[in-house]
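Quick caveat, the model's predicted, so the values are computed rather than measured. Just so it is clear: chains get the letters A, B, ... in the order the sequence lines come, proteins before strands, and each one is counted from 1. Heavy-atom basis, side chains included; hydrogens, waters and symmetry copies ignored.
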There are 2 protein chains.
Amino acid sequence: MITLAEENYLKAIWAISLNTNEKASTNAIADEISTSAASVSDMLRKLQEKELIKYEKYKGVELSEKGGNLATSIIRKHRLWETFLVNKLAFNWGEVHDVAEQLEHIKSDELVDKLDSFLGFPKFDPHGEPIPTKDGEIPTTNAIPLNELQTATKGRVMGVTLDEKSFLDYLTQLNIRIGTKIELLEKISFDQSLSINIENTNQHISNDVAKHLLIKIK
Amino acid sequence: MITLAEENYLKAIWAISLNTNEKASTNAIADEISTSAASVSDMLRKLQEKELIKYEKYKGVELSEKGGNLATSIIRKHRLWETFLVNKLAFNWGEVHDVAEQLEHIKSDELVDKLDSFLGFPKFDPHGEPIPTKDGEIPTTNAIPLNELQTATKGRVMGVTLDEKSFLDYLTQLNIRIGTKIELLEKISFDQSLSINIENTNQHISNDVAKHLLIKIK
DNA sequence: ATAAAAATTTAGACGAGTCTAAAGAAATAA
DNA sequence: TTATTTCTTTAGACTCGTCTAAATTTTTAT
């Protein structure tokens with residue numbers, strides 16, 4: 001039996017490895033879930049015993065196959081619930097994260113499958129993030145982060161890679177949603193900030209914002 | 001902040017007082033949530049400190065106003081989720097209890113209100129049990145338990161007062177659902193068992209089954 | 001190459017919620 | 001009304017997940 005705390009650690013390790021493609025460090029995990037490094041060390045020992053991670057003291061940690069499957073299934077649940085909240089209950093995309101963080105821990109395979117079916121087997125959640133299938137397959141897109149685009153390229157927003165209210169509220173303010181047409185006008189080399197055109201209005205955004213916007217070209 | 005365990009204790013006290021109209025005893029609570037009397041004693045002390053119950057050592061316990069409101073809101077959530085599971089996700093009524101027991105602890109007032117709205121503000125759940133409103137009002141019916149009916153009375157099943165898979169599966173087997181027409185043919189004084197007619201078929205059921213069936217006459 | 005800094009682990013403690021065993025209070029029966 | 005049974009509470013211990021402080025290992029900088 002896996003506990004709620006354990007699930008959150010697996011998710012944190014998953015999220016870190018996703019971004020860095022490296023082993024997750026104790027401190028990175030502590031940051032991710034806002035706890036002390038000591039607590040993380042403790043928990044890693046326990047997860048190691050349960051064979052959910054591959055861990056060597058002082059050397060960082062990665063998920064085992066078992067742990068990876070579990071993490072994927074939690075992400076699947078999180079994204080399905082977010083889709084439910086936005087598509088069926090009319091939440092807006094900045095409001096759903098905290099509730100989905102609770103719902104993702106509900107234990108019932110049948111519930112997840114029926115929810116999936118009820119939602120019409122969505123491939124992407126309201127933020128454009130891929131929803132892993134029942135078998136753990138993760139849908140792909142050829143979208144790339146806005147800050148990696150070449151100047152004068154046009155595209156369309158396919159997703160965001162940060163699920164934080166303040167970020168999503170800012171996007172809404174900028175008139176940026178999934179599907180919005182966007183053109184990269186200029187990259188400022190001084191601070192990597194970007195001038196963009198959204199629906200015939202010019203805007204200026206930081207690199208920090210741009211790197212969390214996934215764009216599909218043309 | 002109220003914990004999951006505390007919520008379950010409040011619910012247990014609520015359920016016991018509902019049936020007996022008396023203060024709940026330590027042992028009754030221990031039975032209800034399958035724990036030891038010692039654990040219950042411990043928890044009652046804590047709930048007392050939080051002013052969620054009115055408790056005198058050795059004298060039993062009842063909910064305070066605050067505790068009562070909380071318990072009602074948990075019941076509201078439980079029954080809304082059961083309604084969602086049956087009406088939207090096509091679970092059958094015997095399968096929903098355990099999942100709803102998890103979902104009822106999700107913390108988000110907005111979620112509950114939006115779910116209520118999405119379901120069309122239902123007054124009764126799939127078992128015919130009343131769903132408390134946002135203000136804590138509990139819809140009433142004039143239905144009475146089948147075992148209290150007079151012989152030769154006809155009526156319709158308006159609800160069941162036990163949410164256990166084995167019971168609900170048995171009802172399904174007997175062709176009894178919400179809305180089913182029923183006639184009480186005979187009460188056996190030896191064991192209080194009952195002969196009934198359901199959809200032109202005669203059946204024989206125990207008093208234990210009958211007392212959990214709510215019937216509206218005529 | 002070694003000293004300093006940073007990262008990580010260990011040690012010891014705590015609160016929540018549970019348990020068993022034992023003590024104490026209340027109810028019941030002779 | 002006293003003895004016995006039943007119910008309830010207290011005492012002490014355990015696990016889980018957390019913490020701070022201290023010890024240890026690794027990395028970085030001089």
For residues 12-38 of chain A, the ring-ring contact (aromatic ring centres under 6.0 Å, His included) pairs (sequence neighbours left out) are none
In whole angstroms, the gap separating P of D:dT8 from CD of B:Glu56 amounts to 14 Å
- Give a yes-or-no answer on whether the side chains of B:Asn27 and B:Ser25 include a donor-acceptor pair shorter than 3.5 Å. no
What does B:Ala38 touch in the nucleic acid at a heavy-atom separation under 4.0 angstrom: a base, only the sugar-phosphate, or nothing?
base
What one should report as the nearest heavy-atom pair of A:Pro145 and A:Lys211 is CB-O, 3.8 Å
Query raised in the report: Does OP1 or OP2 of D:dC7 have a side-chain N or O of B:Ser25 closer than 4.0 Å?
Result: no
Taking C:dT9, C:dA16, D:dT18 as options, the one with an atom nearest any side-chain atom of A:Tyr55 is C:dT9
Q) Would you say a side-chain N or O of A:Ser39 is under 4.0 Å from OP1 or OP2 of D:dC19? A) yes
Whole-Å distance, B:Ile29 CD1 to D:dC7 P, equals 14 Å
Checking C:dA16, D:dC16, C:dT9 against the side chain of A:Lys57 (C-beta onward), the nearest is C:dT9
When B:Tyr58 and A:Ser34 are each assigned the nearest nucleotide of DNA chain D, the 5'-most assignment goes to B:Tyr58
In whole angstroms, the gap separating P of D:dG17 from CG of A:Leu44 amounts to 13 Å
Separation of D:dT15 atom P from A:Lys46 atom NZ, nearest Å, is 11 Å
> Just to confirm, is there a sub-4.0 Å distance from OP1 or OP2 of D:dG17 to any side-chain nitrogen or oxygen of A:Thr35?
Replying inline: no
Against the side chain of A:Met43, the closest entry in D:dT18, D:dT25, C:dA11 is D:dT18
When B:Thr72, B:Leu80, B:Ile74 are each screened for side-chain contact (heavy atoms from CB on, under 4.5 Å) with B:Arg76, the one that passes is B:Leu80
message: Using OP1 and OP2 only, check whether a side-chain N or O of A:Ser41 sits under 4.0 Å from C:dT10.
response: no
Between CG of A:Leu4 and C1' of D:dG17 the distance, given in whole Å, is 11 Å
task = Using a cut-off of strictly less than 4.0 Å, decide whether B:Ser36 has a side-chain nitrogen or oxygen near OP1 or OP2 of C:dC19.
result = yes
Review point. With a non-hydrogen cut-off below 4.0 angstrom, is A:Ala5 in contact with a base, only sugar-phosphate, or nothing?
Key: sugar-phosphate
Rounded to whole Å, OH of B:Tyr9 lies from P of C:dA16 at a distance of 14 Å
In B:Lys50, B:Lys11, B:Lys46, the residue satisfying salt bridge (Lys or Arg N to Asp or Glu O under 4.0 Å) with B:Glu6 is B:Lys50
Less than 4.0 angstrom between a side-chain N/O of A:Asn27 and OP1 or OP2 of C:dA6, yes or no?
no
Rounded to whole Å, NZ of A:Lys23 lies from P of C:dA7 at a distance of 18 Å
Between CG of A:Asp42 and C1' of C:dA7 the distance, given in whole Å, is 16 Å
